[in-house]
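What you see is a predicted model; the values in this text were computed from it and never measured.
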Amino acid sequence: MQQKIRFQIEGMTCQACASRIEKVLNKKDFVESAGVNFASEEAQITFDDSKTSVADIAKIIEKTGYGAKEKTEDTLPQPEAEHHIGWRLWLLLVINIPFLIGMTGMMIGRHDWMIPPLWQFALASVVQLWLAIQFYKSAWASIKGGLANMDVLVTIGTVSIYLYSVYMLFFSPHAAHGMAHVYFEVGVMVIGFVSLGKFLEHRTKKSSLNSLGLLLKLTPTQVNVQRNGEWKQVPIDQVQIGDLIRANHGERIAADGIIESGSGWADESHLTGESNPEEKKAGGKVLAGALMTEGSVVYRAAQLGSQTLLGDMMNALSEAQGSKAPIARVADKAAAVFVPTVVGIALLTFIATWLIKGDWTVALMHAVAVLVIACPCALGLATPAAIMVGMGKAVKHGIWFKDAAAMEEAAHVDAVVLDKTGTLTEGRPQVAAVYCVPDSGFDEDALYRIAAAVEQNAAHPLARAIVSAAQARGLEIPAAQNAQTVVGAGITAEVEGVGLVKAGKAEFAELTLPKFSDGVWDIASIVAVSVDNKPIGAFALADALKADTAEAIGRLKKHNIDVYIMSGDNQGTVEYVAKQLGIAHAFGNMSPRDKAAEVQKLKAAGKTVAMVGDGINDAPALAAANVSFAMKGGADVAEHTASATLMQHSVNQLADALLVSQATLKNIKQNLFFAFFYNILGIPLAALGFLNPVIAGAAMAASSVSVLGNALRLKRVKIN
């Protein structure tokens, strides 16, 4: 049986490390697919659990030289510890100070600022033989794994320059006369710059890119719980399901639950993206992480931790951020051959420079500069860094993408297919008119009673409207048995004392409606009713447009995205709604199969299609679309099929999703351009001697941090 597992990976230093783990795992016959995200430091693996176990896979990863810790949905992501500069990095930076002063002096002609050669040797030896050991271990493990990483380049370069300087200081013919040219500062400063760059990169990845840290802060650490009739403040991990919890003004809700007493207003924008507070009163729901902006409530905990909507969102975000977008394959392919290629270029640089210049010292400096300026990290971070920030931004707007591939595909959408009921409209239709077939023997109240008896077994908004209307009339609704749904047509049931009742489309109930003078019948949704295959009447149900629907359609058109309405409702109703919104493409009377077929036609015409829906009948079209969006709280099958979930039932949120995706893809392309341009420009400059190894090392350290900085710009991009 196929099983999916996620691991937090420890010890990766660049994209080549991630590629190496992927390569090892994907060679196993029991692994269907394995992807490793360097930015999120996570592996997602699909495997056959009849052939291996999670523990065995962890051991495989550990044998490649990295740590692997299983991540499950039962536990929330843990807050990251503060990232402080460790004593090793502090010592390394302190050792760099005299060399930095000496380098500055040489640039202005003050060679006497550099410390004596023997002191240089002593400090360089501390760095090269002790502080740089982590580079050697990583490089050796990488080579053993058959895929060289960035640390291989750093190791080859700094060890070469160190050994050269030792030779020149102690063994060269010039050493006895104190005229030896040594370059200990190069190795020390390269190790220093690269280590500092790694620290900044790691801190940025853990603290700034990932939105999980901000979400974790939404859950209070201490809560007021009623125990034995008294209110006590206890840690959040001691709260149990069923506990009564009090949340006052300015405090956050600790669990999903039902309000027992009190009232107020709560800000749930962390889940829905909707900035307006929601009114809360007895019998209503509260959601973990919500902020009480006014009032005070006492609620009973129903869901805790990972089982809350907040916990579900955090796990969904963590998994989505750890996935890989298809565009990342560009960087993966480059990273796979990057280090061997750079080593080859460095070797050619050494030989060519020696032959041309006749000075192997200059040749060595040029070759080392090539080694240390090359940076596969920038390539490896280009895509996942932007995806992590983009996913976090989407969540802030109430959009949950399932994975990075869905977000990338959403950026290409140029056609949107919308269901009508519950998507463009409020989804709460009301009975606007009633028609009873003459001489059928059933009056209006009887029509309501019979229709409600059948429709109470359905979940469609039209069915709920009829049941609510019958209840509002104070009618007693008879029992119904053997209810069966005919997808796209209606529902049937045996109603006690009546017979076989059908409720649904006019043709399903075998009803031919007369021509009405009341125009509502031309635009309303029709639910016809028959008893024992004889039509007895019909309901006209009207549904108002959502307040922000027109604005959302305007935003989509502004960005050259074509809009289509596809609904099971009658053509007249669909066209009426389309005219109100200025939508040119409107299709009514569509079955689930019809919707899916029309989506396929759009794709065949070269369109990248997004489908939005919230019902069971939308599932086939959702599956057929390039990327699909389901409304939270709709049918489970729709949410399961969709590529993303919209927390608000709003087309405006769909527009947000598409625009966030476009901004993210644009950022990825910028990052990839920078990473490739940096290496394409930097390596030749180093090979030709325009960059010394120290400057090259600083540039390499800065390159990956620059990519991360560009990714962080996504947080400030305005979506409109």
Side-chain angles (χ1 to χ4, degrees), residues 4 6 35 37 39-40 42 44 71 73 77 209-212 214-215 269-274 309-328 383-414 416-417 423 556 559 561 608-614 618-619 622-623 625-634 636 638-669 711 714-715 717 719:
K4 187 174 183 179
R6 296 158 58 208
N37 188 316
S40 64
E42 180 176 309
Q44 297 190 8
K71 298 179 72 173
E73 293 186 357
L209 291 185
N210 206 331
S211 300
L212 288 172
L214 296 175
L215 293 175
S269 58
H270 64 298
L271 292 171
T272 65
E274 174 57 60
L309 188 59
L310 175 62
D312 184 40
M313 180 177 72
M314 291 171 66
N315 280 313
L317 176 60
S318 177
E319 184 170 354
Q321 287 183 327
S323 63
K324 297 184 74 171
I327 196 172
T383 299
I387 287 291
M388 289 180 72
V389 178
M391 288 283 185
K393 191 174 184 69
V395 163
K396 284 187 176 180
H397 283 78
I399 305 149
W400 299 9
F401 280 101
K402 281 189 176 178
D403 52 40
M407 174 173 266
E408 181 182 335
E409 189 71 7
H412 298 293
V413 167
D414 56 8
V416 168
V417 175
T423 301
L556 292 171
H559 291 274
I561 298 172
T608 301
V609 183
M611 171 67 192
V612 186
D614 64 349
D618 296 320
L622 290 170
N626 296 90
V627 60
S628 50
F629 297 86
M631 304 293 190
K632 187 66 177 179
D636 289 343
E639 284 193 49
H640 179 75
T641 305
S643 311
T645 301
L646 305 178
M647 298 304 294
Q648 298 176 36
H649 285 225
S650 168
V651 181
N652 242 334
Q653 204 167 51
L654 166 70
D656 289 341
L658 299 182
L659 297 180
V660 167
S661 299
Q662 289 177 7
T664 302
L665 184 61
K666 181 179 179 181
N667 192 276
I668 289 172
K669 291 179 177 179
L714 265 174
K715 290 187 175 183
V717 171
I719 305 301

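For K669, there are no salt bridge (charged side-chain N to carboxylate O under 4.0 Å, His left out) partners at least two apart in sequence or on another chain. For T608, there are no side-chain hydrogen bond (donor to acceptor under 3.5 Å, both in side chains) partners at least two apart in sequence or on another chain. Residues forming a side-chain hydrogen bond (donor to acceptor under 3.5 Å, both in side chains) with E409 (at least two apart in sequence, or on another chain): N626. Residues that satisfy the side-chain hydrogen bond (donor to acceptor under 3.5 Å, both in side chains) test with D403, not counting sequence neighbours, are absent from this structure.
The structure places NZ of K715 at 10.0 Å from NZ of K393, a figure rounded to the nearest 0.5 Å. The line from CE of M388 to OG1 of T383 is 13.0 Å long, rounded to the nearest 0.5 Å. Summarising the geometry, atom CG belonging to N667 is positioned 4.0 Å from atom CG belonging to L714; distances are rounded to the nearest 0.5 Å. A distance of 5.0 Å separates CE of M391 from CE of M407, quoted to the nearest 0.5 Å. To the nearest 0.5 Å, atoms CG (L646) and CD1 (I399) are separated by 6.5 Å. Going from atom CG of L654 over to atom OG1 of T423 covers 9.5 Å, rounded to the nearest 0.5 Å.
Put simply, the side chain of L658 reaches to within 4.5 Å of the side chain of V416, judged on heavy atoms. The shortest distance between side-chain heavy atoms of F401 and F629 falls below 4.5 Å. With a 4.5 Å cut-off on side-chain heavy atoms, V651 and L556 count as touching.
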Inset, instruction - Could you give me the CA-CA distance, side-chain angles and deciding distance for I387 and T664, then say whether side-chain contact (heavy atoms from CB on, under 4.5 Å) is met? - result: CA-CA 7 Å; I387 287 291; T664 302; 4.2 Å; yes
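The salt bridge (charged side-chain N to carboxylate O under 4.0 Å, His left out) analysis of residues 640-656, with sequence neighbours excluded, yields the pairs R555-D656.
Counting all heavy atoms, side chain and backbone alike, A410 lies closest to S661 at CB-OG, 3.4 Å. Contact between P326 and A405 at its shortest, heavy atoms only, is CD-CA, 3.6 Å.
Listed for the Q653 side chain is a donor-acceptor partner under 3.5 Å among the backbone atoms of M647. Looking only at distances, a side-chain donor or acceptor of S628 sits under 3.5 Å from a matching main-chain atom of S643.
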